[in-house]
Amino acid sequence: MSQHLSATVTVFASPSSWIESAAVDQCHQVAALDGMLHVAAMPDLHPGKGAPIGAAMTSAVLYPFLVGSDIGCGIAVFPIRLKRVVPERLAARFPDLDVPPEPGDPAWDAIGGDVPLGHLDGLGTVGRGNHFVELARVGTVFEPAHAGRLGLAAGDPVLVVHSGSRGLGERILRAHTEVHGAGPAPDPAAYLARHDAAVRWGRLNRRLMAARVAHALGAEPTEPVVDECHNLVEIRDGAYLHRKGAAPGDGRDVLVAGTRGTPSYLVAAHAGADAGHSVAHGAGRKMSRADALRRGKAKHTVEELRRTPVGSLVVCGDRQLLFEEAPTAYKRIEQVIGDLTAHGLATPVATTVPLVTYKTADQGPRRRRGRP
DNA sequence: ATGTAC
């Protein structure tokens with residue numbers, strides 16, 4: 001007689017790393033879907049909408065909801081040459097990344113007129129949630145030779161850009177969901193064509209924003225030294241490898257984001273098939289947004305969230321978002337990196353320490369282009 | 001995380 005066998009679930013975290021049971025439950029729900037082969041959960045695993053965040057999920061069929069709406073979301077690192085680094089001065093010079101660049105803005109040169117699917121709406125904007133554009137400084141270097149190959153050394157300023165495909169990915173998922181719900185894509189090639197365009201759009205968006213910030217800070221735009229998507233699907237070994245909040249970890253360099261008040265870790269990733277060829281994408285939430293808001297209001301002042309323990313500044317005119325994204329709402333990045341290292345998935349190369357993190361424009365009268 | 005509805 002035939003029976004449905006659930007896919008395997010492997011959690012890459014040490015027993016001392018707390019993982020919300022609801023997120024592990026979601027992994028098992030995903031594992032029970034038709035055609036699923038394997039679910040690899042990263043140490044930053046936390047519950048998502050329908051599917052867990054921080055997982056690499058392999059199946060014989062393509063499930064768009066396992067990638068989610070922010071197709072092509074990723075984190076890129078751009079070197080930036082600055083003469084003087086004074087966070088207060090630089091924070092005031094950040095462009096308004098909630099609105100696209102003006103038509104004549106020189107930052108557009110960074111994408112050379114490439115607008116995938118002709119979707120101009122939101123291009124050059126950062127979005128909300130956990131997205132950010134950060135001026136950081138290379139901190140501890142664990143692997144100088146490796147860092148050197150990337151052109152990075154301790155003290156170097158860099159831009160870290162975490163953003164995705166904005167409304168485009170959302171539109172692509174919705175078009176599928178309206179007809180097929182959480183079911184598989186009946187025409188995987190058609191979905192993949194749109195998905196791949198959104199992945200390209202996300203990369204261009206990160207590049208465009210880095211160019212905007214570079215220009216605004218008086219520097220030349222640069223090519224990214226690291227740029228990996230953590231929401232995408234690829235065909236690998238004849239199966240669909242969905243990554244949601246999990247970065248490609250097959251011999252690549254990945255920036256694993258910390259929080260707006262702790263370092264991030266640039267790692268050399270070398271994850272195998274059991275880990276879905278993936279590594280964690282960040283510290284991972286340990287509190288829901290609602291809990292972070294409620295508990296954060298009791299625990300923190302706005303001032304201490306805008307000036308962090310590492311001395312960085314957070315540009316965020318949205319008070320609620322500031323609490324939702326408080327460092328204490330996330331797990332300790334060192335624990336996540338420790339788990340990746342202990343399981344042989346990655347080797348730390350260097351940290352980046354925040355100087356200025358841009359979340360959303362400050363409120364009140366704002367300095368406008370061409371005005372003092 | 002998102003655009004949109006409330």
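Quick note on labels: first sequence line is chain A, next is B, and so on, each numbered from 1.
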Consider side chain to side chain donor-acceptor pair (under 3.5 Å). Of A:Thr360, A:Thr125, A:Asp70, which one does A:His131 pass it with? A:Asp70
Can you confirm whether A:Thr10 sits close enough to A:His343 that some side-chain heavy atom of one is under 4.5 Å from a side-chain heavy atom of the other? no
Rounded to the Å, how far apart are [X] [atom1] and [N] [atom2]?
X: A:Arg206; N: B:dA1; atom1: CZ; atom2: P; result: 14 Å
X: A:Glu170; N: B:dT2; atom1: CD; atom2: C1'; result: 5 Å
X: A:Leu173; N: B:dT4; atom1: CG; atom2: P; result: 15 Å
X: A:Ile75; N: B:dA1; atom1: CD1; atom2: C1'; result: 14 Å
X: A:Asn231; N: B:dA1; atom1: CG; atom2: C1'; result: 9 Å
X: A:His281; N: B:dA1; atom1: NE2; atom2: P; result: 7 Å
X: A:His162; N: B:dA1; atom1: NE2; atom2: P; result: 7 Å
X: A:Arg171; N: B:dG3; atom1: CZ; atom2: P; result: 11 Å

Using the ring of each side chain (for Trp, its six-membered ring), is A:His162 parallel, tilted or perpendicular to A:His230, with breaks at 30° and 60°? perpendicular
Taking atom CZ of A:Arg289 as the centre, does the number of heavy atoms from other residues, nucleotides or ligands within less than 6.0 Å exceed 12? yes
Any side-chain N or O of A:Arg128 less than 4.0 Å from the OP1 or OP2 oxygen of B:dA1? no
At 4.0 Å (heavy atoms only), tell me whether A:Arg174 reaches a base, stays on the sugar-phosphate, or touches nothing. nothing
